[in-house]
Amino acid sequence: MTRASTFIDQQRLWDHHMAIARFGATGNGGVNRQALTPEDGQARAALAGWAGERGFRLIADEAGNLFVRREGTDPDAPAILSGSHLDTQPAGGNFDGIYGVLSAFEVLEALEDGGIEHRHPIEAVVWTNEEGCRFAPGCTGSLVFSGKHQIEEFLDFTAPDGAVLRDELERTLAATPGAERRQGGIPVAGYIETHIEQGPRLESAGLTVGAVTGIQGGSSFAVTVTGIDGHAGTVPLQARRDAFRSAHGIIDALYRDLADPSDTVRFTVGRFEAHPGSPNTIPGKVIFTIDFRHPDQAFFRAKVNGMAAFCAAHAGPCEVVVQERHAGDPADFDETVVARIERIAGELEIPAMRMPSGADHDAKYMVPLCPTGMIFVPCLSGISHNEDERADAQDLAAGARVLADALLEMARG
Ligand code: GLV
Ligand code: MN
Ligand code: MN
């Protein structure tokens, strides 16, 4: 039987990456293409143009998710989906997310080039706002598609730059005017997402493909500590309600509480704002974020559920409000999909291993909907969320070849 992998075109896949890399290019080899910005719209429009050239249907839903569809032979069969995101971190790279979208699109092109038919339709998907750095939490698009949330819950979210999600979504949808509109999710028979690993394990092991077994639990909190503004030169230290000092105490206590000899815990304070932000005013307000992740369900839930009380207990004379923006439990991928990826990599003589994912991905929210899996390829020194993120064209093509055969098997089924 014809293998779709035969028709994967390494150069075309690479050229598409370099074309998308122009939108939001920082000049330092990286990209700033945060969700729902004009640059996000430009990247989507480029993909829409390529889809139009190949005669694929283009569909957008109410969350701004964009689907490029190749029809199957059975009009009633549920779709097989594959994709990821085109938005990036403020100082991001050219592969995180982009690879998942472009490899899925490459599979559609390969199927077209090979004249290969399949029973189920296959859709390459761009999920809206995976990164969550401009509008938190991330994975907005996949959360809405999965039915876990409604888009209305996110529409009033405001970015640090003052933009409101509702307006930005409308503008981004207008960037692909040719897209048909679809409301809500559709029945899905399978989902596979390719992604760079964003860690060093594949490179260290000298392997090309990771058959991902699941994603650890991930949570995101916004913490507001409130004290009283005061004069830096006059208010005695003991009389102060210094929000910075309390925030520092909370964060220090969290580091001590989460200290882990096995190095499994992931804990990050990625944003910290002291207000009013004057060198000679005691800060009366601090806002900071907590990103906490762990693969063990019980440990993850205990820490997430206890976060507000823990912060309050270490806030000293200040008040603290802990807002849970998102807490997604650990998720296991479907064993048949993981085994399929492993087997196909073997058949294609691409060295592979099973591995969990430390990063969050839209695939997590597809798990309740359909058999789901992920394919990782290496990135240089495991560097990601960084302008120096790099991936090798051959590795990207290898992952796309595994994806092509896996999607075709599922779409024939
Ligand atoms: C996605 O980039 C994540 O935060 O894991
Ligand atoms: Mn990503
Ligand atoms: Mn990312």
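In each ligand, atom 1 is the first atom listed, and ligand 1 is the first ligand listed. Values reported hereafter were calculated over all heavy atoms of this structure, with side chains retained and with hydrogens, waters and symmetry mates removed.
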Asks: Against Q89, only a single residue in R134, E131, E389, R33 fulfils side-chain hydrogen bond (donor to acceptor under 3.5 Å, both in side chains); can you say which?
Replies: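 Going through R134, E131, E389, R33 one by one, the side-chain hydrogen bond (donor to acceptor under 3.5 Å, both in side chains) with Q89 is satisfied by E131 alone.
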
Asks: Only N/O/S atoms count here: what is the atom of H385 closest to the Mn ion (ligand 3) called?
Replies: NE2

Asks: Salt bridge or not for D252 and R256, using N-O below 4.0 Å?
Replies: yes

Asks: Please indicate whether E349 has more than 12 foreign heavy atoms, meaning atoms of other residues, nucleotides or ligands, lying under 6.0 Å from its CD.
Replies: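 Open: at most 12 neighbouring heavy atoms sit under 6.0 Å from CD of E349.
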
Asks: Anything under 3.5 Å between an N or O on ligand 1 and a protein N or O? List each pair with its distance, or write none.
Replies:
residue, atom, partner, partner atom, Å
ligand 1, 2 (O), E131, OE1, 3.0
ligand 1, 2 (O), H385, NE2, 3.1
ligand 1, 4 (O), R293, NH2, 2.8
ligand 1, 5 (O), R293, NH1, 2.7
ligand 1, 5 (O), R293, NH2, 3.4
ligand 1, 5 (O), D360, N, 2.7

Asks: Below 6.0 angstrom between ring centroids: does that apply to Y191 and Y365?
Replies: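 So the answer is no for these two rings.
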
Asks: Establish, yes or no, whether the cationic atom of R266 lies under 6.0 Å from the six-membered ring centre of F292 and within 45° of the ring axis.
Replies: no

Asks: With ring centroids as reference points, do Y255 and F267 lie under 6.0 angstrom apart?
Replies: yes

Asks: Assess whether a salt bridge exists between E180 and R182, defined as any Lys/Arg side-chain N lying under 4.0 Å from an Asp/Glu carboxylate O.
Replies: no

Asks: Does the side chain of K303 come within less than 4.5 Å of D257's, by heavy atoms?
Replies: yes

Asks: Just so I know, are the side chains of T88 and F95 near enough to count as touching, which here means a heavy-atom distance under 4.5 Å?
Replies: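 No. Closest side-chain heavy atoms not under 4.5 Å.
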
Asks: Between the main-chain N or O of V377 and the side-chain N or O of E197, is there a donor-acceptor pair closer than 3.5 Å?
Replies: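 Judged by distance alone, no pair lies under 3.5 Å.
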
Asks: Leaving out waters, which are not shown anyway, how many protein N, O or S atoms lie closer than 2.8 Å to the Mn ion (ligand 2)?
Replies: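 Count of protein N, O, S atoms less than 2.8 Å from the Mn ion (ligand 2): 3.
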
